[in-house]
Amino acid sequence: MAYSDKVLDHYENPRNVGSFDKDDNAVGTGMVGAPACGDVMKLQIKVSDEGVIEDAKFKTYGCGSAIASSSLLTEWVKGKTLAQASEIKNTEIAEELALPPVKVHCSVLAEDAIKAAVEDYNSKKTA
Amino acid sequence: MSKKEKVPVYLDYAATTPADPRVAEKMMACLTMDGDFGNPASRSHVFGWKADEDVKQAREYVAALVNADPREIVWTSGATESDNLAIKGVAHFYQKKGKHIITCKTEHKAVLDTCRQLEREGYEVTYLDVENSGLLDMKALEEAIRDDTILISIMHVNNETGVVQDIAAIGELARSKGVIFHCDAAQSAGKIEIDLEKMKVDLMSFSGHKIYGPKGIGALYVRRKPRIRIEAQMHGGGHERGMRSGTLAVHQIVGMGEAFRIAKEEMADESARLLALRERLLNGFSDMEEIYVNGDLSHHVPGLLNISFNFVEGESLIMALKDIAVSSGSACTSASLEPSYVLRALGREDELAHSSIRFSLGRFTTEADVDYTIELVRQKVDKLRELSPLWEMFKDGVDLSKVQWAAH
């Protein structure tokens, strides 16, 4: 299977790999996917008091397209408000990375990951 | 030439092999005007006679490797066609006797899909499980045999795991029950001993390109004593004693014959060399955490090693290993998005099936290739585990089997 240059770039030089303390109140964690399905994404966001995403980190178990989708996502969400980040669509990720149809589910997973991270952060605020 | 310049290293011999240069040379002598280009069915001139001689010689070479009579060899286009011809051929010929067939879940698709087709035609098929070792449970096989069972089809060596079934024992059982036994030997011919005088196999499929012959050619062994009948699937000029019509592809046949001749001569030395290389490869990984060998290495072909590197997804590992050519049981490398059905039949969890890599070594693999592979795999597995949330959880002591995953 041929990968696009952008997938290869993110795969070979993944951006923002790592973890934040998931118990930190300023951190939202989204973990989506399942090992049995061949991909698990963990996306974490660090949010300022003003509700702006200051930093983001990821770890992904999955194919090259899944790794690239989550790497790209960490770049995109930085500097966005929670509302803006929640509006990121999988189609934008798929388009940016030129994912073939069989890999579109990787971008769907990335969209799910940011939504889950925002939700996790919000649930901490209301708790 | 340094290693970097001649990459990638080919470690996918179970998928296909390059033709041996001796094979290619023989083939080239059967194509052009100054060579043996004739139609072996032409009885009226020397061009036909010479081509017929070449085919006869090749048939003897193929038969000799497996200790069969040359008259028991039927040329086909490859092991897939041989499997189709054997299974459908027997099913159609003996359908008055019964319509039940037994096979196994780890068979090649050429067998499984042929059986599925027969199910659509009204036959009944039992797909046996294997043990975690990859081996068939002989007792389960015996219990599956019914009065209307006409055929058992079990492969010799599994293409994904390299596990060797005890086809001598299966043959004894089948013969004692009066059931025809077909065996797909695409992955075993030329790698381990096959003696059809001793083994009670009735039909056996062979491939040219798995043993350094050309692609597009194979053979089906059809036993003469006791005589096994099959209904032809390809009709025409009545070639191959009516079992498979079509003008014989002399260059392909000569290539396959030469490949089988070389295999008979060199198999013992080559097997010992490949076994040593495989042990070297496995030793190179043995101190890594969370690796699992798939298939029982005590019943195994020498040149193949299937390993799951837990917490690393197979396709991403293959992507990282772009300087070596291997294959994976990961869903992402198949069109179906399902992980390997063979590894799942061995009881491997889906995640381990996703994390599997098949290394298959062959005639042109060197110690340097193996050492380079070990170094590269170790480095890339480490890198991908650093990227893996599962590895992080494992290291934190989380029991991954207890986590509620959001399946998608």
Side-chain angles (χ1 to χ4, degrees), chain A residues 1-3 7-22 29-44 57-71 74 90 99-113 115-116 119, chain B residues 290 308-323 327-340 343-344 348-356 380-396 398-408:
Chain A
M1 203 180 322
Y3 299 95
V7 169
L8 284 174
D9 179 39
H10 277 279
Y11 173 74
E12 273 160 19
N13 311 293
R15 330 288 202 259
N16 308 306
V17 176
S19 299
F20 298 127
D21 176 6
K22 65 177 171 24
T29 302
M31 174 106 84
V32 294
C37 304
D39 30 33
V40 175
M41 260 178 213
K42 187 183 80 165
L43 176 73
Q44 293 187 301
K57 294 225 181 277
F58 87 97
K59 283 201 176 189
T60 290
Y61 161 88
C63 64
S65 302
I67 290 171
S69 295
S70 37
S71 171
T74 58
N90 82 285
L99 297 181
V102 71
K103 295 293 183 187
V104 166
H105 72 276
C106 298
S107 65
V108 174
L109 205 59
E111 182 186 322
D112 291 347
K115 291 209 161 84
E119 199 175 307
Chain B
E290 287 293 307
S308 290
F309 298 92
N310 204 5
F311 312 122
V312 173
E313 195 277 329
E315 190 203 326
S316 65
L317 183 54
I318 280 187
M319 208 170 153
L321 299 175
K322 59 179 187 294
D323 292 339
S327 69
S328 168
S330 156
C332 286
T333 57
S334 74
S336 64
L337 290 181
E338 289 293 320
S340 159
L343 297 185
R344 288 205 294 188
R348 283 293 186 222
E349 298 83 357
D350 281 2
E351 42 269 55
L352 281 174
H354 281 296
S355 302
S356 71
K380 298 300 182 184
V381 166
D382 282 351
K383 184 190 162 195
L384 286 166
R385 281 180 171 172
E386 282 311 307
L387 216 65
S388 167
L390 304 179
W391 177 249
E392 182 181 66
M393 290 164 84
F394 168 74
K395 282 282 157 188
D396 289 345
V398 176
D399 182 351
L400 289 166
S401 66
K402 299 230 161 59
V403 176
Q404 284 283 334
W405 301 101
H408 59 285

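What you see is a predicted model; the values in this text were computed from it and never measured. Reckoned from all heavy atoms, side chains included, excluding hydrogens, waters and symmetry mates.
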**Message:** I'd like to know whether A/S69 forms a side chain to side chain donor-acceptor pair (under 3.5 Å) with A/K103, so could you lay out the CA-CA distance, the side-chain angles of the two residues, the decisive distance to 0.1 Å, and finally the verdict.
**Reply:** CA-CA 10 Å; A/S69 295; A/K103 295 293 183 187; over 6 Å; no
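Ion pair A/K115/A/E111 flagged as a salt bridge, since at least one NZ, NE, NH1 or NH2 atom sits closer than 4.0 Å to an Asp/Glu carboxylate oxygen.
For B/K380, no part sits under 4.5 Å from any heavy atom of chain A, backbone or side chain.
When B/E392, B/E349, B/R385 are compared by the number of non-hydrogen pairs under 4.5 Å with chain A, B/E392 comes out ahead. Contact count versus chain B (heavy atoms, under 4.5 Å) is highest, among A/G64, A/S65, A/G62, A/S70, for A/G62. Counting heavy-atom pairs under 4.5 Å between each of B/L387, B/L384, B/V403 and chain A puts B/L387 at the top.
Geometric assessment of A/K42 against the ring of A/F20 yields a negative cation-pi assignment under the 6.0 Å and 45° thresholds.
At a threshold of 4.5 Å between non-hydrogen side-chain atoms, the residues B/N310 and B/L352 count as touching.
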